[in-house]
Enquirer: 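Sharing a structure here in structure tokens format.
Here is how names work: the chains are called A, B, and so on, in the same order as the sequence lines, proteins then strands, and each is numbered from 1.
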2 protein chains.
Amino acid sequence: MPPEASIPSHLGFAILGLLARRQRTGYDIAKAMERPVGYFWTARHSQIYPELARLEDAGLVRHRVVDGAGPRPTKRYAVTAAGKRALRSWVASELEPQPVRDLETLKLWSVWLVAPEIAKSFVRQSLSAHKARLAAYEEELAGVDADTDSRDPGHPLFASRLTLEGGVRSRRAAVEWCEWMLDELDWAGDHHRSDRHRQGHGARRGT
Amino acid sequence: MPPEASIPSHLGFAILGLLARRQRTGYDIAKAMERPVGYFWTARHSQIYPELARLEDAGLVRHRVVDGAGPRPTKRYAVTAAGKRALRSWVASELEPQPVRDLETLKLWSVWLVAPEIAKSFVRQSLSAHKARLAAYEEELAGVDADTDSRDPGHPLFASRLTLEGGVRSRRAAVEWCEWMLDELDWAGDHHRSDRHRQGHGARRGT
DNA sequence: TCTTCCATGTAACGCGTTACATGATTTT
DNA sequence: AAAATCATGTAACGCGTTACATGGAAGA
């Protein structure tokens, strides 16, 4: 029997999840890690190839050499029965809380140091990024939603639908938040100026 | 003049943001990195002490030895004028897109491999985690909101209010998403069973 | 002819975590 | 008497990024 020593890393489970849907080359996996998996997990090919080797060492995936265009042999990977078992038990296991690292919020947290106009341009940047993502999610969700397989809880598209719905909801919330912030900055900017310079041209809120 | 060579890392800006609000020891910074800064950025003391040394090398912070309870001299750090300038210009700079790494969604994406009951218990786990976070944000926001300084765009509490409002909105969206998923799993589980076993006890959706 | 796509690998370096190390004061 | 808090540091290791390396086939 194979070593099967350590449980895979998070990246390992991301790869197993891709291969459980269908077999792929390392190159295919790297492409999926840009989109659509890249929406919630990212990795470069330089990380993927060594991880595939580790997964194979552990007996969780296997490969077959196929025809391909690269200078080295092209390997098509598939998940093994042990790999599927490992993935299933990981999904069923307790969800460990993950350390947060949110650059957008980190910057925003120091936004009191800059002029309201600069703050607004920062928020506008965020807003358009969130809007773009929202549009991408909505488009992809429409495609998944149209497929009746997405109603079957045992079909991959069911899980895709759940994740995309979450993406749409969170981005919608983010868009609304940004619009709320722009409103706050308008009002606060006016308020602040009229407070300090007594220009008294009134609050704009509610107009 | 000091070296001031490389621009700080993200962690460096997180520390500068803390020190721009008030002076602190490394230990204080580590505590803040658990809560409330930990809501959007985390770091351990083993990362913080070397980073403080680098920031001081670059002339962005300085320290004074004060009375303290540790075995080594206790150092209280403050941001320098150059540090405040660096932080301001970072806030005003373009927001670079960050690689996403969302373990919750990654797991959910493979949830089609497990029975609907297991899937539901996973979603229930997420739901209670999101609810707990939402409650923490709401409580902290209430405190910040009550302070009139939080209306002044030049005051740190203004930025705190913006970030907390974002937290509340995103967690509310997450809670609603989880409840929607539970509904989907109820319906889909029934649908699937009645599809396969012709038990025909009807869909529960809408009741 | 130049660029992009297919395809797989390695090396160097930076960031982050866990664990090791020390020791006084305060609280349980 | 034991545990938590204050307080600062180092070492080893794993994960992730950028850059280096190679080369055929298809399209612009």
Enquirer: Regarding B:Arg172 and B:Glu176, does a basic nitrogen lie under 4.0 Å from an acidic carboxylate oxygen?
Expert: no

Enquirer: Side-chain N or O of B:Tyr27 less than 4.0 angstrom from OP1 or OP2 on D:dT8?
Expert: no

Enquirer: Where each residue is assigned the nucleotide of DNA chain D containing its nearest heavy atom, which of A:Ala69 and B:Arg72 is assigned the position nearer the 5′ end?
Expert: B:Arg72

Enquirer: Can you name the nearest heavy-atom pair linking A:Gly59 to A:Thr80, along with the distance?
Expert: O-OG1, 2.7 Å

Enquirer: For DNA chain D, whose closest nucleotide is more 5', that of B:Pro99 or that of B:Lys31?
Expert: B:Lys31

Enquirer: So which of residues 33-46 of chain B are in contact with DNA chain C, with a heavy-atom cut-off of under 4.0 Å?
Expert: B:Arg44, B:Ser46

Enquirer: Would you mind classifying the nucleic acid contact of B:Arg101 as base, sugar-phosphate or nothing, using non-hydrogen atoms under 4.0 angstrom?
Expert: sugar-phosphate

Enquirer: Name the first nucleotide and the last nucleotide along DNA chain C (5' to 3') that come under 4.0 Å of a heavy atom in chain A.
Expert: C:dC5 to C:dT17

Enquirer: Between the main-chain N or O of A:Val144 and the side-chain N or O of A:Ser150, is there a donor-acceptor pair closer than 3.5 Å?
Expert: yes

Enquirer: Examine distances only and state if a side-chain atom of B:Arg133 and a backbone atom of B:Val168 form a donor-acceptor pair shorter than 3.5 Å.
Expert: no

Enquirer: Distance to the ring centre below 6.0 angstrom and angle to the axis at most 45 degrees; does that hold for A:Arg161 and B:Trp112?
Expert: no

Enquirer: Return yes if some donor-acceptor pair links the side-chain N/O of A:Lys107 with the main-chain N/O of B:Trp90 below 3.5 Å, else return no.
Expert: yes

Enquirer: Evaluate the criterion salt bridge (Lys or Arg N to Asp or Glu O under 4.0 Å) for residue pair A:Glu34 and A:Lys31; output intermediate values, then yes/no.
Expert: CA-CA 5 Å; A:Glu34 283 162 20; A:Lys31 264 198 307 180; over 6 Å; no

Enquirer: Is A:Asp183 salt-bridged to A:Lys120, cutoff N-O under 4.0 Å?
Expert: no

